[in-house]
Every structure is written in structure tokens, then in C-alpha cells.
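Here the structure comes first, spelled out in C-alpha cells, and everything after it is commentary.
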Amino acid sequence: MLSPSLRVRLDIAYDGTDFHGWATQHGLRTVAGVLEEKLSLVVREPVTLVVAGRTDAGVHANGQVAHVDLPTSAFEQRSLTRPEDLVRRLSRMLPHDIRLHSATRAPQGFDARFSALRRHYIYRLTTHPAGPLPVRVRDTARWRRPIDLDKVQAASNAMLGLQNFAALCKAKEGATTIRELQRFEWVDVSTDAEPQTYEAHVTADAFCWSMVRSLVGAVMTVGEGKRDVGFAAELMGEKQRSSVVPVAPAEGLNLVKVDYPADEDLAARARATRAMRSEAELGDSAAAETDPAGADTGREERE
């Protein structure tokens, strides 16, 4: 008979520079590997995390969400009587590049991966010849050619909506490349200290493997004049990964937020995102499986 368990939501931040991505890999330092090791020590049982979006090596997160099912017996300790106590306990054990923002009892039906409505990323880069400031070098990518931001935005606009992003996704057998890109907006965040610095704010219902960094790479080639503005729209008509789309560097990418529905809708959302999504949405009769974590959104960034 299985012992009773309690599902806990974890809100997490990390600097991905020195990790081999989120997912546990034998012999490699990963975010999930470190968190699972420390959590197991606290609750005195092996644990497995389920995450909203698995990020790859060098990719950061300020707003990552995961859940873990812990035995209720774990909360019978003197210093651990409720999920919120995990923040204090783990803050003493986690390395400086992982922070547990909060730990709370998950609502009924909550699944960090399948209940998510959308994921928000920010991609930060500089085109200044000197590169990023030393204090920002770990989260700001360098693009070595100047760009026309208006052209970059025009190309980005062409990719919005429910489309097939096969040209921008690394292939994963059995996973669809249909996504709804809800926001792809560029902001000039330049200052006197950080000239020629820009951020892309990117939101979608889900991201397939390599999608965010490929989106950035595609529109930056337009901004630097290597491709014309119509290049982005042309990519949306392709059925496989394009060899002419560069993948932007990992260090500029940050998962900043994951949205979830109201508590009473969590279970229904999880069921819906496990269901099949058909290419009939785009006028094609073929069907493919939805992978709401972005076929490893984060192996988005397994890039």
C-alpha cells in the first residue's frame, strides 16, 4: 500500500551558467539533480521533480515552477511541519546559483508541467563592440553585428499566432511543432553604461526544443541585413528544421514566469494539454502529440 503524499509547488530561480541544464543527468551537475539531492536529504526519501519547462545548459530562470510529491511523514519533523519550512531548510543547503523562492501546498489538480497556460521568457543581448558589462556577462548574450530594431520587430510580428514552428525547432519524434506565439516584442533597454542593449519578451502556450533561441537568431539575421523582412514569414511555411537559422547563445535566455489557471481549472487544463493537438488547426489533417513543456522547453533549451 502506498504511503500518503502531499504535492508541493516549488518556485525556483537559478543562474544556469554552471549547470548542464535542468534535467538530471548521471555524473553531471544539473538544477534538478541538485534540488532532488537536497530535498531527499531533508525528507529522508528519494524524490523526483516535475518542472514547467526544462532549460538547457547556460539558460537561466527567475520564475521556474516545479512540483514534487512528498510523503506526509516528512512533515512530522521538528523543523519541518509544513511545506513553507522547506525554504528555510533548503536555503542552508543549496548552492549560491539556486534559490527557492517559495514552497507551498499545491492546489488539487495542479501539475507544474501540464497545468501551465503559458510560459514567458526574456532574451537579453547587446550588439555593442565591447560586449556586455562584466556584471551582466552571465545573462546577456553578445551579437557581434549592429541591428535595425524596427526590422527585427517587423520580422518578429510575422511569427505571432498559432503556427507550425518546424523550421525553428529541433526535431523530437512524436512531438508537434505547432505552437501559439502570443508575444514577441523587442525593447531597447540601453543606458549610458549599457548601450546597444535589447530584450525580447517572448510568450507562448508552449515552446518546442530550441524554439526561443532560434526565434531570436532568425529575426536578428533580418535586423543585421543578412535576410529581408519576409524571411520570417517564409520560415513559417517550412516543415522541418531550417539549416539557415542560427541559434542564439544560451546565456541571454531567462524563463521569467509561468502562468496557471484558477485553482478550480487546474485539473481540466492538465487533461487538455495531455490530449492530442491536431494540425487540422492549421488546415492539415495530420495529428501530433502536444508536449506542453516544449518538448523540453528548455531543452530550450537543450540548445
Side-chain angles (χ1 to χ4, degrees), residues 8-25 28-39 47-68 86-87 90-91 93-104 106 110-125 132 135-141 182-183 199-216 247-260 291-303:
V8 177
R9 169 176 169 160
L10 304 174
D11 289 84
I12 306 157
Y14 49 86
D15 175 344
T17 306
D18 298 324
F19 290 101
H20 290 267
W22 168 270
T24 301
Q25 300 179 63
L28 296 176
R29 185 177 189 257
T30 69
V31 181
V34 171
L35 281 167
E36 288 173 352
E37 176 192 0
K38 302 307 182 185
L39 267 171
V47 301
T48 301
L49 296 173
V50 175
V51 73
R54 287 186 287 179
T55 52
D56 201 36
V59 178
H60 317 294
N62 288 348
Q64 181 68 275
V65 181
H67 79 248
V68 61
L86 287 168
V87 175
L90 287 171
S91 68
M93 304 169 70
L94 290 173
H96 69 278
D97 45 5
I98 301 180
R99 182 179 192 267
L100 180 60
H101 292 313
S102 65
T104 56
F110 177 80
D111 185 295
R113 179 183 182 189
F114 288 104
S115 295
L117 290 172
R118 65 190 63 86
R119 297 155 176 85
H120 304 267
Y121 282 88
I122 290 178
Y123 192 92
R124 195 173 196 274
L125 62 81
V135 295
R136 299 305 302 260
V137 73
R138 292 168 75 95
D139 75 345
T140 304
Q182 299 166 355
R183 184 185 185 192
E199 288 182 354
H201 294 247
V202 189
T203 300
D205 57 345
F207 292 91
C208 56
W209 190 358
S210 141
M211 183 172 160
V212 175
R213 291 163 59 195
S214 296
L215 283 166
V216 171
V247 178
E251 63 268 23
L253 189 60
N254 190 339
L255 174 60
V256 295
K257 187 181 179 183
V258 182
D259 291 342
Y260 293 94
D291 183 350
D296 299 5
T297 316
R299 291 201 190 209
E300 203 54 27
E301 278 358 58
R302 178 148 184 146
E303 306 188 0

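Numbers for residues simply follow the sequence, beginning at 1.
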Rounded to the nearest 0.5 Å, how far does CD of E37 lie from CZ of R29?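 Those atoms lie 10.5 Å apart.
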For residues [X] and [Y], determine if any side-chain heavy atom of one lies less than 4.5 Å from a side-chain heavy atom of the other.
X: I12; Y: V51; answer: no
X: V65; Y: F110; answer: yes
X: V202; Y: I122; answer: no
X: V59; Y: W22; answer: no

Can you name the nearest heavy-atom pair linking [X] to [Y], along with the distance?
X: T48; Y: E36; value: CA-OE2, 3.6 Å
X: T30; Y: A23; value: CG2-O, 3.0 Å
X: Y260; Y: A112; value: OH-O, 2.6 Å
X: T24; Y: G33; value: OG1-N, 3.6 Å
X: V247; Y: S214; value: CG2-OG, 3.8 Å
X: G53; Y: L255; value: O-CD2, 4.3 Å

Could you pull out all residues at least two apart from [X] that satisfy side chain to side chain contact (heavy atoms under 4.5 Å, CB included)?
X: A141; value: Y123, L125, P249, E251
X: A204; value: L181, F207
X: V50; value: H67, D111, R113
X: A103; value: V8, L10, L86, V87, L100

Residues that [X] engages under salt bridge (Lys or Arg N to Asp or Glu O under 4.0 Å), provided they are two or more places apart:
X: R136; result: D139
X: E199; result: R124
X: D259; result: R118, K257

If the condition is side-chain hydrogen bond (donor to acceptor under 3.5 Å, both in side chains), which residues does [X] pass it with, not counting sequence neighbours?
X: D15; value: T17, H60, R138
X: Y14; value: T55, Q64
X: T203; value: H120
X: S102; value: D11

Report the C-alpha separation of I98 and V34 in whole Å, then their side-chain angles, then the decisive distance to 0.1 Å, and conclude whether the side-chain contact (heavy atoms from CB on, under 4.5 Å) test is met. CA-CA 9 Å; I98 301 180; V34 171; 3.8 Å; yes
Tell me, with the steps shown, if Y121 and N254 meet side-chain contact (heavy atoms from CB on, under 4.5 Å). CA-CA 6 Å; Y121 282 88; N254 190 339; 6.0 Å; no
